[in-house]
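Step one of this worksheet: look at the structure below.
Whatever order the structure lists them in is the order used to number ligands and atoms, beginning at 1.
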Amino acid sequence: MTIKIGLIGKTNAGKTTLFNSMTMQSQETSNYPFTTKTPNSGIANAVTLCVHKEFGVTDNPQNSRCEDGWRFIPIEVTDLPGLIKGAWMGKGLGNQFLSVAAQSDALLHVVDASGSVDKDGKISEPGTGDPIADFADVELELVLWYTKLFSSNLGKMAKVAKLPSSSLADAVVETFQGVGVKKSHAQYALKESLLEGKDVENWDEKEVQNFCWILRDTSKPTLIIANKMDLPHSAENFKNLRERHKDLIVVPTSGEAELSLRRAESKGFIKYVPGEERFEVIKPQELNEAQKEALAYIRRKVFGEYLRTGVQFAVSSTVFKLLRLNSIYPVFDIDRLTDKHGNVLPDVYLLPSGSTAEDLAGQIHSDLAKGLLYAVDKRTGLHLPTDYMLRDRDVLTLVSTAKRG
Ligand SMILES: Nc1nc2c(ncn2[C@@H]2O[C@H](COP(=O)(O)OP(=O)(O)OP(=O)(O)O)[C@@H](O)[C@H]2O)c(=O)[nH]1
Ligand SMILES: [Mg+2]
């Protein structure tokens, strides 16, 4: 099960540039509004310190990649068309946008922190736009869309809620199924909005809106990307964004810097591991003046101020902090740390915190889960019960009556 992350935000915020830098694709970007017309999907990576050094082995990753001691675990990212006001009513590319956003486990909400996008989405001078308003506008569109779903299913929800075998939370789940709303989200939103016992047909407009805000926030975890940090005015807008949204993770980035570095790296001009706080020019003689100047600009404006481009940090923070996924290394042979074919530390699985050894088995193969007897922990040698709650960076083998495929 691959984790899915969607890039949302106002037009020209830099979503496609970020997407290209994460996936090494070459989707069209421009300084005209609404460049992206249809969603693009690709593979990015969550990065975590690999366990191979701890065990003193050299690994042969199969479902992931290991570089300089860092494990790169693939996830799926989708770049979406910019949102405009009225998208919730189906304006512009609204419906298409929202249905793709709905499939994501988490959203990266990209904001042009330099404030160089005006009200209509056109590029203007840095400092003239309002990143806080941009963020709020896009969030409002999302909530209005939830509200519309709610209102158009009101009659049905009222009926389902009254059935003896179901509850209002079940009715909410049915309505918002396509958005990935789970029963725990519905129950939480009902409780938080103090609407638990109130007949859904008697909620007033404000109550519906409030409920939908809470449902949006809980069902679709979101991280703010403050992009274009290399430009003037970004530092102050970043600070304001962070102050305004203390409950959210806000990561400063420069998508354009990351894209330049990754492309320079793929051409062999520089050594750069995404996420690291340095890069090294290895073939200075092959760089032209413009490329030299671009790298010097990145060193000065991005690494000098913020230590890194922030792009890889944003993706990894989404996976490990926002979604609280744990990286788990299952192996077949616990002594040699290999799979059946002798590959050392072949796979990493990302599982939500609270997952058990049995959940891990289920992700690998349903037969393995059915016959699961216990797990063995590499670090302690302990036998762990099937309901053992996994911890980040666990290395273990699953012992089952079924043979591992
Ligand atoms: N200085 C600077 N410019 C950037 C950065 N990221 C993107 N840009 C520029 O911002 C403009 C818009 O970038 P896109 O990636 O096309 O933006 P988008 O959000 O995908 O826009 P839509 O597809 O219209 O929604 C382009 O001119 C990019 O070169 C950045 O980190 N720094
Ligand atoms: Mg785009």
Going by atom types only, do N12 and Y32 share a side-chain donor-acceptor pair under 3.5 Å?
no

Can you measure from CG (L241) to CG (D134) and round to the nearest 0.5 angstrom?
9.0 Å

At under 4.0 Å between heavy atoms, what of L231 touches ligand 1? The answer is side chain

Among the heavy atoms of A13, does any lie under 4.0 Å from an atom of ligand 1?
yes

Within the 4.5 Å heavy-atom criterion, are T36 and D79 side-chain neighbours or not?
yes

Is a side-chain donor-acceptor pair under 3.5 Å present for S167 with D170?
yes

Under 4.0 Å from a heavy atom of D230: give me the atoms of ligand 1 that qualify, with their elements.
1 (N), 2 (C), 30 (C), 31 (O), 32 (N)

Nearest-neighbour protein heavy atom for atom 23 (O) of ligand 1, which is reported as residue plus atom name and distance:
T36 OG1, 2.8 Å

For ligand 1, which atoms, with element, lie under 4.0 Å from some heavy atom of G14?
7 (C), 13 (O), 14 (P), 15 (O), 17 (O), 18 (P), 19 (O)

D130 and K119 ion-paired at < 4.0 Å
no

Students should be able to answer this: which protein heavy-atom is nearest to atom 10 (O) of ligand 1, and at what distance?
K228 NZ, 3.1 Å

Ligand 1 versus S30, non-hydrogen atoms closer than 4.0 Å: side chain, backbone, both, neither?
backbone

Heavy-atom nearest pair, V348 first then S64, reads CG2-OG, 3.8 Å

I need the atoms of ligand 1 closer than 4.0 Å to a non-hydrogen atom of T29, numbered in the order shown.
15 (O), 16 (O)

Nearest non-hydrogen contact with atom 4 (C) of ligand 1 belongs to which option: E256, E258, K15?
E256

Ligand 1 atoms nearer than 4.0 angstrom to some heavy atom of G82 are 25 (O)

Ring-ring centroid check H185 F176, cutoff 6.0 Å
no

Just to confirm my output: which protein heavy-atom neighbour is closest to atom 21 (O) of ligand 1, and how far is it?
N12 N, 3.0 Å

With rounding to the nearest 0.5 Å, note down the distance linking NE2 in H52 to SG in C66.
4.5 Å

Short N-O contact, D137 and K10, less than 4.0 angstrom
no

Under the salt bridge (charged side-chain N to carboxylate O under 4.0 Å, His left out) rule, collect the residues that match up with R65, sequence neighbours excluded.
E67

Residue G255 vicinity, atoms of ligand 1 by number, heavy atom under 4.0 Å:
31 (O)

Below 4.0 angstrom from a heavy atom of F34, which ligand 1 atoms are there? Numbered from 1 as shown, please.
24 (O)

Residue and atom, protein N/O/S, under 2.8 Å of the Mg ion (ligand 2):
T16 OG1, T36 OG1

Answer side chain, backbone, both or neither: which part of D79 comes under 4.0 Å from ligand 1, heavy atoms only.
neither

Under 4.0 Å, heavy atoms only, figure out whether ligand 1 is touched by the backbone of N227, its side chain, both or neither.
side chain

For a quick test of your reading: what N or O donor-acceptor pairs under 3.5 Å do the side chains of residues 274-281 make, sequence neighbours left out?
from, atom 1, to, atom 2, distance (Å)
E276, OE1, R278, NH2, 3.3
E276, OE2, W70, NE1, 3.2
E277, OE2, R308, NH1, 3.0

Pairs where residues 225-237 contributes a residue and the test side-chain hydrogen bond (donor to acceptor under 3.5 Å, both in side chains) is met, not counting sequence neighbours
D112-K228, N227-T253, D230-S254, D230-Y297, H233-E236

Report the nearest protein non-hydrogen atom to atom 14 (P) of ligand 1: residue, atom name, distance rounded to 0.1 Å.
T17 OG1, 3.6 Å

For A171 versus M157, what's the shortest heavy-atom pair and its separation?
CB-O, 3.5 Å

Students often mix this up, so state it plainly: with edges at 30° and 60°, are the rings of W203 and F150 parallel, tilted or perpendicular?
parallel

Here the atoms of ligand 1 under 4.0 Å from any heavy atom belonging to N31 are 27 (O)

Give yes or no for whether the N/O distance cutoff of 3.5 Å, strictly under, is met between T253 and ligand 1.
no

closest protein heavy atom to atom 24 (O) of ligand 1 is T11 OG1, 2.6 Å

Hey, are S21 and E258 close enough side-chain-wise for a donor-acceptor pair under 3.5 Å?
no

